[in-house]
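First comes the structure, then the notes that go with it.
Values below: all heavy atoms of this structure, side chains included; hydrogens, waters and symmetry mates excluded. When a ligand or atom number is given, it counts from 1 through the structure's own listing order.
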Amino acid sequence: MAFPIQRPRRLRQNESIRRLVRETRLSVDDFIYPLFVVPGTGIRKEISALPGNYHLSIDCLVEEAREAKDLGIGAFLLFGVPEAKDKDEHGSAGFAPKGIVQQAVRALKSMVRDIIVITDVCPCEYTTHGHCGIIKNGYLDNDASLDVLAKITLSHAEAGSDLVAPAAMLDGQIQTMRQALDTNGFYNLPIMAYAAKFASKLYDPFFKEGTRSTLSFGDKRTHQMDFGNSDEAMREIAMDIEQGADIVMVKPALFYLDVVYRAKQEFHMPLGAYNVSGEYAMIQAAAQLGRLDRDAVMLEALTCLKRAGTDLIITYFAKQAAKLLSHRTGAAAQPLHEPALEFQL
Ligand code: PBG
Ligand code: ZN
């Protein structure tokens with residue numbers, strides 16, 4: 001069978017038919033909205049590198065979560081932005097019972113019903129040097145850092161986190177966290193592992209302005225993955241699953257769709273992708289210059305992530321995309337521009 005019997009354009013004639021045969025659908029159900037929480041009250045300050053995203057004190061955080069929930073967003077990923085004076089070499093503010101994230105979790109869980117509060121487990125927002133754990137002789141010490149991860153994990157669990165998300169890319173981190181949780185009665189608390197997390201320059205807007213956790217020396221290439229590697233990403237994911245990860249994640253997302261695709265094909269696990277700060281900033285900046293249609297490119301990017309195989313999408317676009325999706329479902333189909341299909345008997 002070939003042309004003219006085959007005419008793929010038959011199913012592209014108008015939005016009604018395209019909609020019917022569309023293979024991938026973006027849903028607000030899949031969105032995870034990252035939020036940055038700061039000490040204080042009444043603070044809602046736009047993060048200039050992430051326009052449309054804010055540094056929020058807990059009162060404003062609750063308000064923001066309610067607003068997002070009204071748009072259908074049901075999951076949030078929390079990042080704490082402590083004051084510089086609260087940082088130390090070991091990141092101990094990261095596991096303080098009254099730390100910024102711990103307080104924020106308590107507030108969200110008690111004031112907003114039926115949401116999932118996910119907490120990022122990594123010391124780098126709380127260390128003076130900005131690294132993801134304990135530094136010994138200028139090198140990130142793996143096993144000493146695991147102890148810190150266990151403490152952060154437990155403090156998040158005790159505060160009421162619904163899902164802990166280890167971001168450090170330390171060897172054995174999932175096993176350490178699973179053990180810490182299980183021996184303290186939190187056997188039902190799931191882990192979403194940043195399983196294949198690459199050493200990427202696309203995190204810069206997050207560091208520089210999101211969490212203000214810039215490195216005082218070196219980089220993260222001794223623990224985060226080399227971006228040329230995809231077999232290694234599969235090994236990392238396999239290890240995390242073996243150690244007890246419930247959801248696995250690829251990060252960044254848009255340059256890494258092959259990794260997302262492979263991960264879904266090989267593991268059949270709930271899979272997340274982190275549409276990171278640099279990916280967001282690129283689209284926003286190009287739109288600001290008038291070079292790209294922001295809404296269209298945003299929906300294209302997020303839909304393509306789903307097509308590649310991701311189930312969950314962590315994205316700074318969550319609210320903007322949710323707004324567009326809710327308009328779209330209410331909208332009538334576009335008028336026909338070409339004659340309707342004629343079915344011949
Ligand atoms: C670790 C963490 C980072 C990001 C999310 N969690 C930075 C890093 O590990 O290097 C980056 C997210 C983004 O760029 O949007 N706390
Ligand atoms: Zn880190």
Side-chain angles (χ1 to χ4, degrees), residues 31-37 47-55 76-82 87 89-91 93-95 99-101 118-135 140-142 145-146 148-149 152-153 156 161 163-171 173 177 192-216 218-227 236 249-256 272-284 301-302 305 312-318:
F31 293 163
I32 297 171
Y33 180 28
L35 293 171
F36 297 89
V37 58
I47 301 168
S48 51
L50 300 171
N53 289 264
Y54 299 83
H55 282 133
F76 301 87
L77 174 60
L78 269 188
F79 293 103
V81 189
K87 300 190 183 190
E89 294 237 308
H90 301 99
F95 51 84
I100 182 71
V101 161
I118 308 169
T119 51
D120 183 269
V121 176
C122 200
C124 56
E125 279 110 74
Y126 306 93
T127 52
T128 37
H129 42 69
H131 281 284
C132 307
I134 306 291
I135 299 291
L140 181 67
D141 186 278
N142 195 82
S145 304
L146 289 178
V148 183
L149 283 196
I152 298 177
T153 305
H156 288 182
S161 172
L163 183 52
V164 284
M169 285 299 280
L170 296 173
D171 295 337
Q173 63 178 5
M177 289 172 59
M192 176 169 79
Y194 289 76
K197 176 168 172 176
F198 293 86
S200 170
K201 290 304 276 179
L202 291 166
Y203 310 148
D204 278 6
F206 175 94
F207 287 128
K208 289 186 178 158
E209 299 185 42
T211 56
R212 300 189 204 111
S213 50
T214 320
L215 296 172
S216 62
D219 55 45
K220 295 187 174 178
R221 287 182 295 176
T222 71
H223 56 115
Q224 298 178 349
M225 281 184 50
D226 188 302
F227 54 70
E236 279 281 0
M249 214 169 40
V250 173
K251 177 185 171 183
L254 295 175
F255 294 169
Y256 297 81
Y274 199 139
N275 176 213
V276 298
S277 58
E279 299 172 332
Y280 179 87
M282 278 194 275
I283 294 176
Q284 290 285 10
L302 299 178
L305 274 171
L312 313 169
I313 305 176
I314 303 174
T315 180
Y316 304 99
F317 282 122

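Around CZ of F227, the count of heavy atoms belonging to other residues, nucleotides or ligands within 6.0 Å does not exceed 12.
Aromatic ring centroids of F255 and F198 lie 6.0 Å or more apart.
Shown here for P51 and Q284, the closest heavy-atom pair between the two residues is O-NE2, 3.8 Å. Between V164 and V121, the closest heavy-atom pair is CB-CG2, 4.0 Å.
Under the 4.5 Å side-chain criterion, counting only non-hydrogen atoms from C-beta, P252 is in contact with Y203. Between I314 and K251 there is no side-chain heavy-atom pair separated by less than 4.5 Å.
Contact residues for ligand 1 (protein heavy atom closer than 4.0 angstrom to any ligand atom): F79, D120, C122, C124, E125, A167, Y194, K197, L202, Y203, F206, F207, K220, Q224, K251, Y274, V276, S277, Y316.
With a cut-off of 2.8 Å, the protein N/O/S atoms near the Zn ion (ligand 2) add up to 3.
Residues forming a side-chain hydrogen bond (donor to acceptor under 3.5 Å, both in side chains) with Y316 (at least two apart in sequence, or on another chain): Y274. Every residue meeting the side-chain hydrogen bond (donor to acceptor under 3.5 Å, both in side chains) condition with T119, not counting sequence neighbours, appears here in chain and number order: H156, S161.
Just one residue in the list P34, S213, C122 forms a side chain to side chain contact (heavy atoms under 4.5 Å, CB included) with F79, and that residue is P34.
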